[in-house]
Amino acid sequence: MEIYLIRHGDMAGDPHACYEPPVSGCLSVLGRQQVDALARALAEVRFDRVFSSPLGRAIQTAQPLASQSDAAIELLPWLTEWRPAPVMGECADADFESILAAAAKLRPEECWKTPAGEGTLEMAHRIICGFVKLMTQLGAPPGHGGYLLNDPDRPQRIALVAHGGSLGCLAAFLLGIPIRPYAPLALAQTGVARFTLEPRADVWYPLLHLPAPVPAAAAVAVADPALAVK
């Protein structure tokens with residue numbers, strides 16, 4: 001099994017609005033260029049399933065990948081990005097990137113606490129439980145610290161298109177790294193992290209492959225855990 005974690009392109013429009021595909025107008029001109037480059041880089045990659053956060057920028061990034069694979073986009077609400085707390089005073093009505101910049105100056109327990117009450121561990125619970133359920137549905141339930149493939153000879157390649165924060169949390173889980181407010185894996189816009197499940201006896205464990213097959217502008221970097229997700 002192959003698992004691709006793919007971050008969305010540069011966004012435009014409402015960062016919190018949820019949609020059903022197809023969508024347009026959720027990526028900037030730069031974002032559309034990034035996604036075009038990503039689609040070219042992955043032109044030979046065929047996904048069996050394409051999953052996306054319901055936020056527009058993720059769906060629009062997923063659309064060409066799904067089209068190339070003749071796959072429908074399946075929305076996963078648990079992949080939605082966290083929302084920074086409205087701390088900002090003068091930043092309260094600012095653009096999303098300004099809000100993130102202001103939030104980065106806060107202590108983690110302030111930055112990750114939202115009006116809905118979701119903090120670091122709550123977000124991790126949402127994402128990890130959703131992913132474990134998805135893997136079970138795909139015939140790879142968790143077990144013995146890895147995954148137990150119901151049909152090891154059946155190839156599966158899936159894409160999860162989402163956000164820096166939610167994918168960083170998921171990457172930490174796949175790598176067995178303790179959950180922190182700042183992810184250990186920093187994905188650039190349209191960056192890709194590719195995992196395979198490799199066997200050890202009768203258990204399959206995630207293995208991260210770097211670099212992933214993406215353009216230089218869409219690189220993935222292993223970050224110091226003390227650094228914020230970019």
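Start at 1 with the first residue, then count along the sequence.
Residue-environment remark: CD (Gln137) exceeds the threshold of 12 foreign heavy atoms within 6.0 Å.
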Open item on the list: Between Leu38 and Val192, is the side chain to side chain contact (heavy atoms under 4.5 Å, CB included) condition met? List the steps.
Closed with: CA-CA 9 Å; Leu38 175 67; Val192 176; 3.7 Å; yes

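Phe195 CZ to Leu207 CG: the interatomic distance, rounded to the nearest 0.5 Å, is 9.0 Å. We find the CZ-CG distance between Arg200 and Asp202 to be 13.0 Å, quoted to the nearest 0.5 Å. We find the CG-CD1 distance between Leu76 and Ile127 to be 11.0 Å, quoted to the nearest 0.5 Å.
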Enumerate donor-acceptor pairs with a distance under 3.5 Å from any side-chain N or O in residues 17-25 to protein atoms, sequence neighbours excluded.
none

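The side-chain heavy atoms of Met135 and Ile3, taken from C-beta on, include a pair separated by under 4.5 Å. By the 4.5 Å heavy-atom criterion applied to side chains, Arg49 and Leu138 are counted as neighbours.
In this view, Ser166 satisfies the side-chain hydrogen bond (donor to acceptor under 3.5 Å, both in side chains) rule with no residue, not counting sequence neighbours. Under the rule for a side-chain hydrogen bond (donor to acceptor under 3.5 Å, both in side chains), the partners of Glu198 that lie at least two apart in sequence or sit in another chain are Thr196. Arg32 meets the side-chain hydrogen bond (donor to acceptor under 3.5 Å, both in side chains) test with no other residue; sequence neighbours excluded.
The backbone N or O of Trp78 lies less than 3.5 Å from a partner atom in the side chain of Arg126, making a donor-acceptor pair.
In the hydrophobic clustering of this structure, Phe173 groups with Leu167; members are Ile, Leu, Val, Met, Phe, Trp, Tyr whose side-chain heavy atoms approach within less than 4.5 Å, directly or through other members.
Contacts classified as side chain to side chain donor-acceptor pair (under 3.5 Å) and involving residues 148-161 (residues at least two apart or in different chains) are given here: Glu2-Arg157. The side chain to side chain donor-acceptor pair (under 3.5 Å) analysis of residues 62-72, with sequence neighbours excluded, yields no pairs.
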